[in-house]
Amino acid sequence: MRDPRYDILFEPVKIGPLTAKNRFYQVPHCNGGGYRDPSAAAAMRGIKAEGGWGVIFTEQCEMHHTSEITPFIELRLWEDKDIPQLRKMSEQMKTHGALAGIQLAYSGINGPNLYTKEVPLAPSALPIRTFTNDPVQARALDKQDIKDLRRWFVNAAKRSKEAGFDLICLYGAHGFGIFQHFLSRATNQRSDEYGGSLENRARFSQEVIADMRDAIGDTMAITLRVSLDETIGELGFSNAELRDYIEMNKDLPDLWDLAQGTWEDCSGPSRFKEEAAQQELVRGIHELTDKPIVGVGRFTSADTMVKQIKSGLLDFIGCARPSIADPFLPKKIEEGRIEDIRECIGCNICITGDMTMSISRCTQNPTFMEEWRKGWHPEKMNVKGDSDTVLVVGSGPAGLEATRALSERGYDVALAEAGTALGGRVARERMLPGLNAWGRVLEYREYQISQKPNVETYFDSALDAESILEFGFENVCIATGAKWRRDGVARQHVVPMPIAEGAKIYTPDDLMDGTIPTGKVILFDDDHYYMGGVLAELLANNGADVTLITPSAFVSDWTNNTLEQIAIHPRLVEAGVEIVLNRGITEIHAGHVVSNCVYTDRTQTYEADAVVIVAARQENNGLYTGLKARESDWADAGIKSVQIIGDANAPGPIAWATYAGHRYARELDMPDIGDALPFRREITELAMD
């Protein structure tokens with residue numbers, strides 16, 4: 001049963017005319033699905049309702065065609081035709097007593113309108129602010145435009161009501177919403193009654209909310225998501241101005257939704273942001289308003305949640321990423337099952353779904369966004385198939401998740417680990433600077449496996465094909481991971497690069513094993529995710545004189561998709577790392593490297609006592625190929641299937657490995673579907689001519 005310390009989290013709280021059943025508030029978050037995959041998004045939100053959340057919101061929903069953020073895929077409420085898919089979502093949200101909320105967004109200075117080809121509108125005429133620096137400018141809203149925009153918000157509110165939502169969130173944070181654009185002097189340089197003083201800059205939000213209340217009556221609640229602090233200097237909407245704004249408009253919305261100024265600041269990864277990182281910006285705001293407040297901070301600890309409430313900082317615990325990692329977080333706290341929570345590790349792989357316009361993933365929760373597409377439930381496995389036993393070789397993230405999920409289905413599982421500890425790459429990477437929280441991938445699965453009587457774990461068990469054939473397991477899952485390549489093969493070099501005899505070459509595996517070079521160290525990053533930047537920081541912390549060379553225009557380029565690139569670069573500069581962009585390495589010699597410009601191919605040399613190569617990874621698939629070579633012996637050995645998964649099959653991020661392990665467990669002994677699509681997708685109906 002629930003620990004009495006957490007009773008406060010389950011108290012009902014009023015939001016305007018409504019009452020939330022508890023304080024667990026899933027704030028709006030994207031998922032890579034949007035208007036393209038509405039059924040997948042609806043089922044995902046429905047699972048959260050089942051998991052016990054009191055308030056559940058959509059992602060941002062574009063409320064008018066004059067402001068859209070193509071290529072990014074969000075929800076749309078442009079016309080009545082959009083209502084049915086949104087109603088399907090609200091119905092899913094409310095299945096277990098949660099309040100259903102929709103976030104209405106007019107992106108203004110952030111909306112390039114690449115799809116609709118409409119001229120963007122904003123408080124002031126300025127270039128569009130997008131991730132991709134689109135060469136588009138916005139026209140300043142005139143008085144008639146503002147009247148039109150107010151009407152469009154009213155129309156969207158009416159459609160939201162018809163779609164079955166209980167709450168409307170007006171988006172004015174992260175730099176993405178028109179309300180923040182009016183409030184901030186950086187984006188509002190008007191000289192009329194909508195610009196200048198804070199009273200004037202607040203006028204638009206006051207008018208829109210008054211208009212909406214007149215239109216929808218007292219049946220819905222209106223929340224306003226505003227920036228805690230834009231952190232962009234004197235022109236920005238500061239924390240002090242936010243406090244003035246709330247004090248002068250204390251009864252304006254039914255709830256204040258407080259979020260940091262930029263998305264990078266608000267949803268920074270665990271490498272750079274601690275749990276409850278925004279609490280000092282929130283402290284004291286409740287003294288300015290009697291309306292409830294929700295705030296965020298990657299809350300994963302029930303004790304931290306309670307402190308936020310008891311200290312008077314928050315009335316609701318706002319979660320996006322933690323609600324993805326474990327949709328059943330509230331229910332597990334309520335049922336006294338804290339140890340069963342899949343805690344968010346703050347890797348931000350979920351955000352990459354939005355940034356890459358693809359279906360989102362979660363490192364901790366492989367079922368995220370597969371609830372409808374594949375019928376996967378985060379807490380329920382399909383029934384066991386005809387066979388009984390499985391040997392899983394390798395205890396990295398793929399092997400651990402396969403073992404956990406297989407045991408849930410009822411298989412007898414033997415987990416063989418060549419070393420003396422579980423975790424594989426996760427156990428090693430968690431020791432690197434800033435990545436300690438990633439150890440939760442191991443800790444959650446290690447605990448779950450330890451509770452299963454049908455799992456046996458064997459250490460110091462390096463297996464070969466012959467020994468596996470002798471064991472008599474019906475199914476064999478090979479999850480033996482991968483090693484970093486030493487020869488430079490990745491993107492610049494598709495064959496091994498020239499490396500002279502006597503050159504001191506190191507890989508990420510060497511550094512994680514404790515062999516850390518000193519002196520002048522060149523780190524060549526042709527991987528472009530987090531590893532190069534993390535190792536450069538490790539080397540600098542150990543006293544090396546580090547130069548990071550990368551063919552990309554950014555350090556750790558792909559981390560633009562995880563919102564951490566903007567923090568990685570200054571962290572390395574502060575650590576004394578010299579950063580060389582747009583250059584590759586063509587040759588490595590004893591004492592120096594030859595580097596080429598990616599545009600001109602002009603070369604120059606850099607002194608180097610040692611070179612750390614962060615390139616591609618090589619699959620550890622020898623055991624699998626050995627078993628495949630003896631496939632004719634499988635039947636006599638009682639083997640029905642042998643499959644390779646995770647990095648041993650094709651190296652990728654940790655989320656790809658946990659997904660592979662979960663998929664293997666789900667699909668074992670299931671009917672062969674042949675060439676059929678292995679997931680459902682939404683098919684757009686052709687319009688009638």
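Quick caveat, the model's predicted, so the values are computed rather than measured.
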Distance-only donor-acceptor check, side chains [X] and [Y], under 3.5 Å:
X: Q565; Y: S556; result: no
X: Q189; Y: S124; result: no
X: Y194; Y: E207; result: yes
X: E59; Y: N31; result: yes
X: T66; Y: Y106; result: yes
X: D257; Y: Y25; result: no
X: T70; Y: E68; result: yes
X: T231; Y: D265; result: yes
X: R190; Y: N200; result: no
X: D354; Y: H29; result: no

D303/Y6 under side chain to side chain donor-acceptor pair (under 3.5 Å): CA gap, chis, key distance, verdict
CA-CA 8 Å; D303 292 320; Y6 307 136; 3.0 Å; yes
Does [atom1] belonging to [X] count more than 12 external heavy atoms closer than 6.0 Å?
X: E335; atom1: CD; result: yes
X: E11; atom1: CD; result: yes
X: K14; atom1: NZ; result: yes
X: Q144; atom1: CD; result: yes
X: D290; atom1: CG; result: no

Check whether F182 forms a cation-pi arrangement with R201 (NZ or CZ under 6.0 Å from the six-membered ring centre, at most 45° off the ring normal).
no
Measure from NZ or CZ of R76 to the centre of the six-membered ring of Y115, then state whether that distance is under 6.0 Å and the direction lies within 45° of the axis.
yes
Whether the side chain of [X] engages the backbone of [Y] through a donor-acceptor N/O pair (distance < 3.5 Å, no angle test) should be reported.
X: S360; Y: C350; answer: yes
X: D254; Y: I222; answer: yes
X: N113; Y: E118; answer: yes
X: T352; Y: M355; answer: no
X: S238; Y: E241; answer: yes
X: K21; Y: H96; answer: yes
X: R283; Y: L313; answer: no
X: N365; Y: I324; answer: yes
X: S184; Y: G236; answer: no
X: S67; Y: S107; answer: yes

Just so I know, are the side chains of [X] and [Y] near enough to count as touching, which here means a heavy-atom distance under 4.5 Å?
X: P378; Y: I47; value: yes
X: E230; Y: Q180; value: yes
X: T363; Y: C347; value: yes
X: R225; Y: L170; value: no
X: D145; Y: R139; value: yes
X: L149; Y: L121; value: no
X: F272; Y: E564; value: yes
X: K332; Y: I338; value: no

Before you tell me yes or no, could you show the steps for L167 and L18 under side chain to side chain contact (heavy atoms under 4.5 Å, CB included), namely the whole-Å CA-CA distance, both residues' side-chain angles and the distance that decides it to 0.1 Å?
CA-CA 9 Å; L167 305 97; L18 309 172; 4.1 Å; yes
Derivation of the side chain to side chain contact (heavy atoms under 4.5 Å, CB included) call for I285 and W256:
CA-CA 10 Å; I285 289 180; W256 293 98; over 6 Å; no
Rounded to the nearest 0.5 Å, how far apart are [atom1] of [X] and [atom2] of [Y]?
X: S160; Y: N155; atom1: OG; atom2: CG; answer: 10.5 Å
X: N22; Y: E334; atom1: CG; atom2: CD; answer: 7.5 Å
X: H174; Y: E264; atom1: NE2; atom2: CD; answer: 9.5 Å
X: N560; Y: W558; atom1: CG; atom2: CH2; answer: 10.5 Å
X: E199; Y: D244; atom1: CD; atom2: CG; answer: 8.5 Å
X: N110; Y: Q60; atom1: CG; atom2: CD; answer: 9.0 Å

Are E275 and R298 close enough for a salt bridge, meaning some N to O gap below 4.0 Å?
no
Ring centroids only, cut at 6.0 angstrom: are [X] and [Y] within range, meaning strictly under it?
X: F24; Y: F316; answer: no
X: F72; Y: F131; answer: yes
X: F179; Y: F153; answer: yes

Are Q364 and D326 close enough, and set up right, to give a side chain to side chain donor-acceptor pair (under 3.5 Å), and what steps lead you there?
CA-CA 8 Å; Q364 281 285 61; D326 199 332; over 6 Å; no
Go through it in stages, so that I can follow the logic: the residues are E193 and K143, the test is salt bridge (charged side-chain N to carboxylate O under 4.0 Å, His left out), and I'd like the CA-CA distance, side-chain angles, deciding distance and then a yes or no.
CA-CA 10 Å; E193 66 267 34; K143 297 294 180 60; 3.3 Å; yes
On a heavy-atom basis, the closest approach of P112 and I69 is CD-CA, 4.1 Å
Among all residues two or more places apart in sequence or in another chain, which pass the salt bridge (charged side-chain N to carboxylate O under 4.0 Å, His left out) test with D3?
R5
Among M305, Q308, R2, which one satisfies side chain to side chain contact (heavy atoms under 4.5 Å, CB included) with L9?
M305
Run the side chain to side chain contact (heavy atoms under 4.5 Å, CB included) test on L99 and F165 for me, step by step, so that the C-alpha distance in whole Å, both residues' side-chain angles and the decisive distance to 0.1 Å come before the verdict.
CA-CA 8 Å; L99 298 177; F165 289 98; over 6 Å; no
Quick one, R45 with Q26, criterion side chain to side chain contact (heavy atoms under 4.5 Å, CB included). Give me CA distance, side-chain angles, the key distance, then yes/no.
CA-CA 9 Å; R45 307 288 183 192; Q26 182 248 280; 3.1 Å; yes
Applying ring-ring contact (aromatic ring centres under 6.0 Å, His included) to W438 and Y530, what does each step give before you reach the verdict?
CA-CA 13 Å; W438 293 26; Y530 59 88; 4.8 Å; yes
